[in-house]
Amino acid sequence: MGEYCHKIIAIFYIIVLCFIPFNKANAHNYEERKKVLYISSYSPNYETFSDQLIGIKEGIKKDVDIQMEYMDSRQFFDKEDNSNFYELIKYKLKNDKKYDAIILADDQALEFGLRYKDELFKDTPIVFLGVSSEKRIKAAMQEENIYGITEKHSIQENIDLINKLHKGKNIKIITDASSQHLYDHYKGKFINEKYKNLNIENISLNDISFNEFEQKLKNLDDNNVILVVYSYLDKNGSLKTIKQSYKLIRENTDIPVYSVMDYGLDSGFIGGKVVSHYTQGKKTGEIVNDILNGNTPKDKIIRGEEFNNFVFDYDKLKEYKIKSSDLPKNATIINRPMDTLYKYKEVIYANALLLISLLIALITLTSYTIKKLQYEKELIKAKEFAENMNKSQSNFISNISHELRTPVAVIMSSNQMLDINMNKVENEYTESNSEKIDIIKQNCNRLLRLINNIIDIAKVESGFMNIKLVNLDIINLLESITSSVIPYATSKNIDIIFDTSHEELIMSVDPDKIERILLNLISNAIKFSKDDMSIHVNVYVDELNNVLTFSVKDTGIGIEERYLEKIFEKFTQVDDIMVRKNEGSGIGLSLVKTFTNLHRGEVKVKSELGKGSEFIIKLPIKTVSEENIQQSQIDKEEPKGLRAALEFSDIDF
Ligand code: ADP
C-alpha cells in the first residue's frame, strides 16, 4: 500500500513539473502577441509603401507580429487576375494561425479583400487605407467588419491654388494609365463647368509614351504650370517609380510644378495640397489597435482628404517668387533655412553664447581701454594744469619774496649809510639820532625775519619747501651756530653753555634749516628768560639707536602744560598780546617742527611754569649717498651774521 502511495505522488509531481511551466511559457509567447496580415497593392520598392508602414507601426504602438504580402499590382497592372495571389494567401492561411486583423493597402488590395473576404478572412476584421475608388469604398461600406481610410487627391484645391498663385497661366494636369479614371471623374464633374474659363489641359500618359511625354514637356513655355497627379505608367506599359517619373518632368521643363503627393517636394516641385501616406498609415494603425484591444472602431470609414496638407518647398517658392503670405494660412513650408537652424539649434546656441561672451568681453575691453585712454588724457591735462599752477605759485612766492625784501634792504642800506655819516659828526643831536637809527635797523631785521618766516610758511603749505641734504660735521655746525649768538646773549648777561657728548659726527642735514632751528630755539630761550640766567645747548649722540639729540634748555618763564602741544601750531603764542613782553609772530616753532620733520626727526618740549623749558630735537643719523662732506659753513642767502641778527630782532637788547 505504502509503495503504491509513493508511486502515485511521484507521478503527480512529474506531471506538475512537466506541464505547468510549459503551458505558462506558451501562453506568454503565443497568446499575447497579436498577428496582423498586411497586404499591399504594390511592392516594398513603391514609395508609398514605406511611409504607410512607418505610420501603421506608430499607430498600433504595441509589439504586433505584422506579416506582409505584396500584390505588386503596378507590375501586373490589369494583366492578370488575382488568382495566383489568392492561392498564395490561401496556402498561407492554411498553415498559419488565424490573423487578428487584416490591413489592405491601396485599391487593388481592397478589391482583392472584397472579392475573397468570405473565403479567406471570415470573421477577421479588415482595415484598408489609400483607397481612392468610390465604387470600392461604397462596397466596403456595405460589408460588416471592414473599416478604413480613403485617399482622395486634392486636384480641385490644387487648381484653385495654381490659379491664385499663377493667374492667367495654362494648367497642365498630368495623369497616367493608373490615374486616368481620376481625371476623367473630375473632368466631367467640375473642370468643364466650374473652371471653363481657365485653360486647363490634360497631358495623359495613357495616350503617349514617355518619349513623347518628354517632348511635350520641353515644348511647354513660361505660360504653363504643371499639376502632377500620376506619371509612372505610359501608354506602352513602361513603368517608372514615382520619383523617377518626377525626375523626368523636372529634367525636361523649368516651369512651376505642383503635385498631389509630397514625394515631389524632394524632386524640385513647389508642393501643393498633398496626400500624406504616413498620416493615413498612422490613423490605420490606431484603428487596428482599437480592434486588437477588443474595441469596435468609432468610425467605419474615415475620409482621407482631411489628412491632405498644403506643403511647399522654401527654395522653390523663392525661385518662382511666390510670397508665403499668398499661400493658404495652414500651409507648411519645409527646407527653410530656419529649419536647418532649428536642427542644429544646440550647436548654434552654444556658438552664439560663445560669440556673445566674446563680444561682451571685447566691448568691455574696448570700453575699458577707451576709458583708460580718456582717464590718462585727463590725468596728463590735470598734471599739466597742476604743473602750471605750481609754476605760477612758485613764481608768485619768489616774486613776492623779492618785492617784500627789496624795499626793506633799501631801507637797511640807507640806514647804514645814515649811521656811517652820523658817526662822522659827534653832538647831542646825532646821539639821539643814532638811537633812532638802531631802532630802524632792529625793526628792519624784524620785518625781514617776518617776511622770511611768512615766505617759508607759504613754501611749506604749497609744497615748495625743499631740503638740501649734505654730509657734514653736525657737532661743528651746532657749535658754530651757538657761538654766533654769544654777543647777543652777553648783552643780556646771559651765559650760553654748549656741551656735547662727541667732538665730531658726520651726518646728512640741511645746514640752513638746522641753523634756523637752533637760532629760533635760542632766541626763544633768551626772549622768555630773565637777564643773568644761563642757557644750555646740549648735544648727545646715541650711537646705539643712531640718533642725534640736541636741546636748548633755559630757566625762564616756562610754559603751562596745556599749551605744550599748541605752541608748535603756527601763529600760536601763549602770552596775551596785551601783557606780552616780547615781540613775535608765533611762526618760529611751527617752522622748527617743519624743518625737523623734513629731516625725518622730531621735536619735543619739556617745560614747567616758572622754572624753565627745554626744547629737544632728535634727528636720525644718516648720510646721503654722495660723499659730499662739507665743512660747517652755512649756506646762507643772507650775509654772515645776518641770520642771527634776524632771529634775535624780536629781542630788545
Ligand atoms: P614767537 O614768534 O611768538 O616766539 P614761536 O612759535 O617761536 O613764536 O613761539 C610760540 C610761543 O611759544 C611763544 O609766543 C611763547 O609763548 C612760547 N614759547 C616758545 N619758546 C618758549 C620758551 N623758551 N619759554 C617759554 N615760552 C616759550
Side-chain angles (χ1 to χ4, degrees), residues 34-60 64-78 80-93 96 98-152 178 275-292 296-297 299-304 307:
K34 303 276 184 182
K35 267 177 84 173
V36 173
L37 178 62
Y38 171 88
I39 298 175
S40 167
S41 299
Y42 307 116
S43 77
N45 299 326
Y46 194 51
E47 283 87 342
T48 61
F49 176 82
S50 55
D51 279 1
Q52 280 175 345
L53 195 65
I54 292 168
I56 288 169
K57 281 184 178 164
E58 225 163 87
I60 293 180
V64 170
D65 178 13
I66 302 177
Q67 298 210 358
M68 292 172 223
E69 291 301 339
Y70 320 103
M71 294 173 74
D72 209 0
S73 64
R74 291 182 72 223
Q75 199 70 36
F76 309 112
F77 194 73
D78 280 350
E80 285 180 28
D81 58 22
N82 291 322
S83 50
N84 284 346
F85 190 69
Y86 165 76
E87 291 302 330
L88 175 84
I89 300 295
K90 192 174 168 189
Y91 177 76
K92 192 176 172 71
L93 290 170
D96 283 358
K98 195 172 171 290
Y99 287 94
D100 296 291
I102 310 290
I103 297 174
L104 302 175
D106 297 305
D107 281 82
Q108 318 304 326
L110 178 62
E111 177 74 43
F112 175 82
L114 286 168
R115 188 176 298 169
Y116 299 109
K117 180 178 172 283
D118 293 336
E119 289 159 64
L120 298 175
F121 314 124
K122 204 165 174 40
D123 300 329
T124 309
I126 292 173
V127 185
F128 67 82
L129 74 155
V131 173
S132 54
S133 156
E134 284 298 327
K135 203 178 85 203
R136 288 174 191 133
I137 294 165
K138 230 183 223 168
M141 291 274 259
Q142 312 299 319
E143 297 290 338
E144 244 181 71
N145 236 2
I146 294 190
Y147 308 89
I149 295 168
T150 67
E151 177 174 311
K152 191 179 170 195
S178 73
V275 164
S276 169
H277 288 116
Y278 164 78
T279 318
Q280 280 184 24
K282 197 171 172 199
K283 287 283 157 192
T284 308
E286 282 166 15
I287 297 170
V288 172
N289 190 38
D290 258 2
I291 291 166
L292 297 181
T296 312
D299 303 304
K300 186 165 172 63
I301 308 284
I302 296 173
R303 287 283 159 188
F307 308 128

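Residue indices begin at 1 and follow the sequence shown.
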Would you please name every residue forming a salt bridge (charged side-chain N to carboxylate O under 4.0 Å, His left out) with [X], sequence neighbours left out?
X	answer
K282	none
E119	none
E69	K92
D107	R136

**Item:** Heavy-atom neighbours of M68 CE exceed 12 at 6.0 Å
**Value:** yes
**Request:** Go through the steps for L88 and N84 under the test side chain to side chain contact (heavy atoms under 4.5 Å, CB included), then give the verdict.
**Result:** CA-CA 6 Å; L88 175 84; N84 284 346; over 6 Å; no
Approximate separation, where rounding is to 0.5 Å, of [X] [atom1] and [Y] [atom2]:
X	Y	atom1	atom2	answer
K57	I66	NZ	CD1	6.0 Å
I137	S132	CD1	OG	7.0 Å
F112	L120	CZ	CG	5.5 Å
I56	I103	CD1	CD1	4.5 Å
K98	F121	NZ	CZ	11.5 Å
D290	Y147	CG	OH	9.5 Å

**Message:** Taking the ring centre of each residue, are Y38 and F49 less than 6.0 Å apart?
**Reply:** yes
**Distance-minimising heavy-atom pair for K152 and V275** = O-CG2, 4.0 Å
**Where S41 and Q108 come nearest, the two heavy atoms and their spacing** = OG-N, 3.2 Å
**T284 (side chain) donor-acceptor with L129 (main chain) under 3.5 angstrom** = no
**Request:** Measure from the side-chain N and O atoms of D100 to the backbone N and O of K35, and report whether any donor-acceptor pair falls under 3.5 Å.
**Result:** yes
Determine whether [X] and [Y] make a side-chain contact, defined as any pair of heavy atoms from C-beta on separated by less than 4.5 Å.
X	Y	value
Q52	D106	yes
M71	I89	no
I149	F307	yes
Y278	E58	yes
I146	L114	yes
I287	F128	no
V288	K34	no

**Message:** side chain to side chain contact (heavy atoms under 4.5 Å, CB included) for R115 and Y86? Distances and angles first, verdict last.
**Reply:** CA-CA 10 Å; R115 188 176 298 169; Y86 165 76; over 6 Å; no
**Asked** So, are E286 and K283 salt-bridged, with charged N and O less than 4.0 Å apart?
**Response** yes
**Asked** So, E134 and R303, do they make that salt bridge, N to O below 4.0 Å?
**Response** yes
**Request:** For T150, check side chain to side chain donor-acceptor pair (under 3.5 Å) against everything at least two apart and list the hits.
**Result:** none
**Message:** Apply side chain to side chain contact (heavy atoms under 4.5 Å, CB included) to residues T124 and L37 and explain how you reach the verdict.
**Reply:** CA-CA 10 Å; T124 309; L37 178 62; over 6 Å; no
**Message:** For D299, give me all partners under side chain to side chain contact (heavy atoms under 4.5 Å, CB included), at least two apart in sequence or on another chain.
**Reply:** I302
